[in-house]
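As structure tokens, the structure follows; a few thoughts come after it.
What you see is a predicted model, and the numbers here were worked out from it, not measured in a lab.
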Amino acid sequence: MNHQPSHEGRQDDDSALSDFLASLMDYTPTIPDELVEHYVAKSGFQCPDVRLIRLVAVATQKFIAEVATDALQHCKARQASVVKDKRDKQQKDKRLTLTMEDLSKALHEYGVNMKHQEYFADNPSSGVDPVSREE
């Protein structure tokens, strides 16, 4: 049995890829080319082809959209689990509040582990005189 793609199938794939890359020349991504070029260069990759830069921008935009959608789902699930007493009060205010916890959970699903900086007020002993802590 031959598992090699047929010559015609490969030609169709090449044609579709060429058409897609050509369409990137007319597309203006949400993430500016300059920003993508900066981070691509910072990672050590040099590419003079703007089509590849825009392809990275489109892939990044898709990744960000998926993470944002997943974080929204985590937010909705978290707010749906609120106790009934609080839910009655929230019926007036149906706005969702996206937290770092929601974003962190969504990113974790994609293999990105995020730890937020401990804030001054997060520490129970913050603002307490060192002498009074020992007592």
Side-chain angles (χ1 to χ4, degrees):
M1 188 181 256
N2 187 3
H3 293 290
Q4 295 291 331
S6 69
H7 182 67
E8 290 178 12
R10 184 177 179 139
Q11 216 170 16
D12 290 343
D13 290 346
D14 290 347
S15 172
L17 180 61
S18 295
D19 291 345
F20 176 69
L21 288 174
S23 71
L24 287 174
M25 290 302 294
D26 300 329
Y27 178 71
T28 304
T30 304
I31 302 169
D33 292 342
E34 294 79 14
L35 183 64
V36 176
E37 287 173 358
H38 169 76
Y39 282 103
V40 166
K42 192 174 179 179
S43 70
F45 184 71
Q46 296 284 329
C47 181
D49 191 354
V50 72
R51 296 175 304 176
L52 187 58
I53 297 298
R54 290 194 178 157
L55 182 62
V56 171
V58 168
T60 304
Q61 183 177 335
K62 181 181 184 302
F63 175 74
I64 291 170
E66 288 177 353
V67 169
T69 300
D70 289 351
L72 177 63
Q73 296 307 316
H74 285 288
C75 176
K76 286 179 179 178
R78 177 180 46 80
Q79 289 188 344
S81 67
V82 174
V83 186
K84 186 170 178 12
D85 295 340
K86 291 183 180 180
R87 186 176 291 151
D88 292 339
K89 293 175 186 175
Q90 280 186 327
Q91 292 300 327
K92 296 176 188 171
D93 187 18
K94 293 185 178 184
R95 292 182 297 176
L96 299 173
T97 304
L98 187 66
T99 64
M100 288 298 292
E101 180 183 344
D102 299 327
L103 183 58
S104 197
K105 285 180 181 177
L107 285 169
H108 185 71
E109 292 175 8
Y110 291 92
V112 178
N113 295 320
M114 187 177 86
K115 295 181 181 179
H116 69 281
Q117 193 70 21
E118 185 175 320
Y119 295 104
F120 182 74
D122 288 345
N123 188 346
S125 64
S126 63
V128 177
D129 187 18
V131 174
S132 62
R133 267 192 274 173
E134 294 173 3
E135 296 174 356

Test: K105 and E101 ion pair at under 4.0 Å: yes

Please list all pairs meeting ring-ring contact (aromatic ring centres under 6.0 Å, His included) that have one or both residues in residues 19-51, counting only residues at least two apart or in different chains. none

Which residue pairs pass the salt bridge (Lys or Arg N to Asp or Glu O under 4.0 Å) test with at least one member in residues 34-45, sequence neighbours excluded? none

At what distance, to the nearest 0.5 angstrom, does CG of D102 lie from CG of L107? 11.0 Å

Rounding to 0.5 Å, atoms CG (L98) and CZ (R78) come to a distance of 7.5 Å

List the residues meeting salt bridge (charged side-chain N to carboxylate O under 4.0 Å, His left out) with D49, not counting sequence neighbours, and say none if there are none. R51

List the atom pairs, with distances to 0.1 Å, where a side-chain N or O of residues 55-71 and a protein N or O form a donor-acceptor pair under 3.5 Å, not counting sequence neighbours.
| from | atom 1 | to | atom 2 | distance (Å) |
| --- | --- | --- | --- | --- |
| T60 | OG1 | V56 | O | 2.7 |
| Q61 | OE1 | T30 | N | 3.3 |
| Q61 | OE1 | T30 | OG1 | 3.3 |
| Q61 | NE2 | T30 | OG1 | 3.2 |
| K62 | NZ | E66 | OE2 | 2.2 |
| T69 | OG1 | A65 | O | 2.9 |
| D70 | OD2 | Y110 | OH | 2.9 |

Which residues pass the side chain to side chain donor-acceptor pair (under 3.5 Å) test with Q73, not counting sequence neighbours? none

May I ask you to list the residues sharing a hydrophobic cluster with M25, side-chain cutoff 4.5 Å, ordered by chain and number? V50

Rounded to the nearest 0.5 Å, what's the gap from CD on E109 to NE2 on H74? Could you check? 3.5 Å

Check each of D12, L17, D19 against S15 using the side-chain contact (heavy atoms from CB on, under 4.5 Å) test, and report the only one that passes. D19

